Amino acid sequence: MEKGLPEAEQWSRYLAENIRGLREKRNWRQLQLAKAAGIPRSTVTQLESGAGNPALFTMQKISAALQVTIQELLQPPAPRIQTIRGTEM
C-alpha cells in the first residue's frame, strides 16, 4: 500500500485506475462496460472517478465483464508502458 493515503482510499483509487485501464484496453466506452456488466453507466462513472463504494455483487459483475478477478481489480495498477519505435524518435 502507498504511504499517505488511508487504506480505503487506496483501494478506491486502485479500483478506479484498474477499471478505466482495462476498459480502455478493450477500446470500450463506459456505456459498453455498463451494458456488458448489467449495471448503470453512472455506476461505472462513479467507480472510475474513485467516488464509488461498490457492493461485492457489483464488483463481481464488472470483473466478469472485463474477464478478470476481483483481486485484479483491487491490486495496484500495472505501470503503463509506451512503446516508442526508432522511427518515432
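Only a predicted model underlies this, so the values are computations on that prediction, with no experimental measurement involved. Positions are given from 1 along the sequence.
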Donor on one side chain, acceptor on other, S63 and E72, under 3.5 Å
no

Would you give the length of the straight line joining atom CG of L15 to atom CZ of R20, rounded to the nearest 0.5 angstrom?
10.0 Å

Report yes or no: do F57 and V68 belong to one cluster of Ile/Leu/Val/Met/Phe/Trp/Tyr joined by side chain heavy-atom distances under 4.5 Å?
no

What residues, two or more places apart in sequence or in another chain, satisfy side-chain hydrogen bond (donor to acceptor under 3.5 Å, both in side chains) together with Q60?
none

Hey, what do you get for CD (Q30) to CD (Q46), rounding to the nearest 0.5 Å?
11.0 Å

State, yes or no, whether a side-chain contact exists between I70 and L56 at a heavy-atom distance under 4.5 Å.
yes

Going by heavy atoms in the side chains, are E17 and R13 under 4.5 Å from each other?
yes

What's the separation between atom CE in M59 and atom CD in Q71, rounded to the nearest 0.5 Å?
10.5 Å

Kindly indicate whether the side chain of E48, heavy atoms from C-beta on, has any atom under 4.5 Å from the side chain of R23.
yes

Nearest atoms (heavy-atom pairs only) where S12 meets G50:
CB-O, 3.7 Å

Close side-chain approach of L66 and L73, heavy atoms under 4.5 Å
yes

According to side-chain contact (heavy atoms from CB on, under 4.5 Å), who are the partners of T43, at least two apart in sequence or on a separate chain?
I39, P40, L47, T58

Looking at every heavy atom in both A65 and W28, which two are closest together, and how far apart are they?
O-CH2, 3.5 Å

Greater than 12 external heavy atoms within 6.0 Å of R29's CZ
no

